[in-house]
Amino acid sequence: MRKLVLVQFAVMSVVVAMLGLMSFSFLLLDFVSPGDFRSWNLFRRGLELNAVLLLIFGLQHSLMARRGWKRGLIALFPPELERSVYVLMTGFVLFWMSVLWARLSPPLYDLRGTLGGYALLAVWFLGGGIVLVGQRGMGPLDLIGVQTVIDIWRGKKNAALPFRTPFLYRYVRHPLYLGLLLMFWSTPAMTHDHLFFAEVMTAYILVGIYFEERDLVERYGQAYLDYQARVPMLIPFFKRPRRG
């Protein structure tokens, strides 16, 4: 009975996570071509509402990734559901951020149909490709919580992942973030709300990398320190010179 309840909760988390990711995908597509993928504003308070939505996303995504928060989750939920709770809340937040996001007009620029616009669109697709390939290195089933369902069903315990650097991770330490940044900034049309989104999310990613790498050094020790010295953070083939 316990196993069945755990599996049901984990499956629900996967469904919510997928719904959130699909909604967020439509928001990104609308940034590429404003008005073609969503045409509603549920509330008039544009900038203030968008700021609150980004703040909620940042707090949820950051706090729930910290070890102290994870220890608290394990005290409230079965240890097997740690990942499921995280993807459930992430999907929930992404869904409502995408639905409630308010567009601000007029656009800052619109290069759709021009050579420059097609060039920016090509970079956007490049970023999307980097995200798709990069998430495979993290384990796509684990990313949205499917692996948790499989592990619970098979009766396997959560095991610490070994340190690996597959494919894109040999050239840049954070390919997912690189791909997302390209998608955030390289669009043929730029609206005021999109610019605000890109600025805040870029700052969030840079701060998040700092804390994420601190946790990775604590987890993997010298192996990750050597990786930091060998592989650039976000820009492939670019390494900052060492001091001293």
Side-chain angles (χ1 to χ4, degrees), residues 10-11 13-34 36-38 54 57-58 60-62 64-65 83-84 86-95 97-99 101 112 117-151 161-190 194 197-198 200-202 204-206 208-209 212-213 216 227 231-238:
V11 170
S13 300
V14 172
V15 172
V16 174
M18 291 296 296
L19 183 62
L21 285 174
M22 287 193 303
S23 303
F24 187 63
S25 298
F26 277 106
L27 178 63
L28 294 182
L29 286 171
D30 190 68
F31 284 154
V32 175
S33 187
D36 290 341
F37 294 91
R38 60 192 303 272
L54 287 173
F57 169 82
Q60 178 270 321
H61 214 64
S62 298
M64 294 191 73
R83 183 65 183 173
S84 294
Y86 179 79
V87 298
L88 173 69
M89 293 305 300
T90 299
F92 183 81
V93 170
L94 281 178
F95 173 80
M97 183 175 74
S98 304
V99 170
W101 187 264
R112 285 176 289 183
Y118 290 126
L120 289 170
L121 189 61
V123 177
W124 188 89
F125 276 108
L126 173 64
I130 292 174
V131 169
L132 290 176
V133 175
Q135 57 87 26
R136 293 184 61 186
M138 296 182 63
L141 295 182
D142 186 59
L143 195 64
I144 59 172
V146 175
Q147 190 62 51
T148 300
V149 178
I150 297 173
D151 289 345
L161 296 175
F163 179 62
R164 302 183 302 120
T165 57
F167 193 40
L168 292 180
Y169 289 84
R170 300 174 187 172
Y171 306 100
V172 61
R173 300 200 302 272
H174 301 280
L176 278 178
Y177 294 148
L178 170 61
L180 287 172
L181 288 173
L182 291 177
M183 295 180 73
F184 293 162
W185 289 100
S186 301
T187 54
M190 179 68 74
H194 180 188
F197 174 90
V200 174
M201 291 299 286
T202 298
Y204 168 75
I205 284 175
L206 294 177
I209 286 176
E212 182 177 325
E213 295 215 322
L216 289 170
Y227 180 60
V231 177
M233 183 175 73
L234 282 173
I235 305 176
F237 311 111
F238 173 80

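If you read the sequence from its start, that first residue is 1, and numbering goes on from there. On a predicted model such as this, the values are computed, not experimentally measured, just so you know.
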Q: Decide side-chain contact (heavy atoms from CB on, under 4.5 Å) for W101 and F31; before the verdict, give the C-alpha distance in whole Å, the side-chain angles of both, and the deciding distance to 0.1 Å.
A: CA-CA 11 Å; W101 187 264; F31 284 154; 3.8 Å; yes
Q: First locate atom CG of L121, then atom OG of S186, and finally report the distance between them rounded to the nearest 0.5 Å.
A: 10.0 Å
Q: Taking atom types as modelled, is there a side-chain donor on Y177 or E212 under 3.5 Å from an acceptor on the other?
A: yes
Q: Taking the side chain as every heavy atom from C-beta outward, state whether T202 and L181 have any pair of such atoms under 4.5 Å apart.
A: yes
Q: What's the separation between atom CG in L94 and atom CZ in F92, rounded to the nearest 0.5 Å?
A: 11.5 Å
Q: What pair of heavy atoms forms the shortest contact from Y169 to G134, and how long is it?
A: OH-O, 3.3 Å
Q: Quick one: CG on L182 to OG1 on T187, what's the gap to the nearest 0.5 Å?
A: 11.5 Å
Q: Would you check, one step at a time, whether the test side-chain contact (heavy atoms from CB on, under 4.5 Å) holds for W124 with L29?
A: CA-CA 10 Å; W124 188 89; L29 286 171; 3.7 Å; yes
Q: Any luck finding a side-chain donor-acceptor pair between Y204 and S62 under 3.5 Å?
A: yes
Q: If we only count heavy atoms from C-beta on, is the F57 to M201 side-chain gap below 4.5 Å?
A: yes
Q: Any non-hydrogen side-chain atom of V16 less than 4.5 Å from a side-chain atom of F95?
A: no
Q: Let's go through E213 and Y227 carefully: what are the C-alpha distance in whole Å and the side-chain angles of both, what is the deciding distance for side-chain contact (heavy atoms from CB on, under 4.5 Å) to 0.1 Å, and is it a yes or a no?
A: CA-CA 11 Å; E213 295 215 322; Y227 180 60; over 6 Å; no
Q: Find the distance between CG (L168) and NE2 (H174) and round it off to the nearest 0.5 Å.
A: 13.5 Å
Q: Over all heavy atoms of both residues, which pair between L88 and S13 is shortest? Give the atoms and the distance, please.
A: CB-OG, 3.6 Å
Q: Please name the pair of heavy atoms, one in P188 and one in R112, separated by the smallest distance, quoted to 0.1 Å.
A: CB-CG, 3.7 Å
Q: At what distance, to the nearest 0.5 angstrom, does CD1 of I205 lie from CD1 of I209?
A: 7.0 Å
Q: Measure the shortest side-chain to side-chain distance between M233 and V172 over non-hydrogen atoms and say whether it is less than 4.5 angstrom.
A: no
Q: For residues S98 and F26, determine if any side-chain heavy atom of one lies less than 4.5 Å from a side-chain heavy atom of the other.
A: no
Q: Can you measure from CG (L178) to CG (L126) and round to the nearest 0.5 angstrom?
A: 8.0 Å
Q: So, the side chain of H194 versus the backbone of F184: is there a donor-acceptor pair under 3.5 Å, distance only?
A: yes
Q: Please evaluate residues L206 and L234 with respect to the criterion side-chain contact (heavy atoms from CB on, under 4.5 Å), reporting the C-alpha separation (whole Å), side-chain torsions for both, the decisive distance (0.1 Å), and the verdict.
A: CA-CA 10 Å; L206 294 177; L234 282 173; 3.9 Å; yes
Q: Please check: side-chain N/O of R173 versus main-chain N/O of V231, any donor-acceptor pairing under 3.5 Å?
A: yes
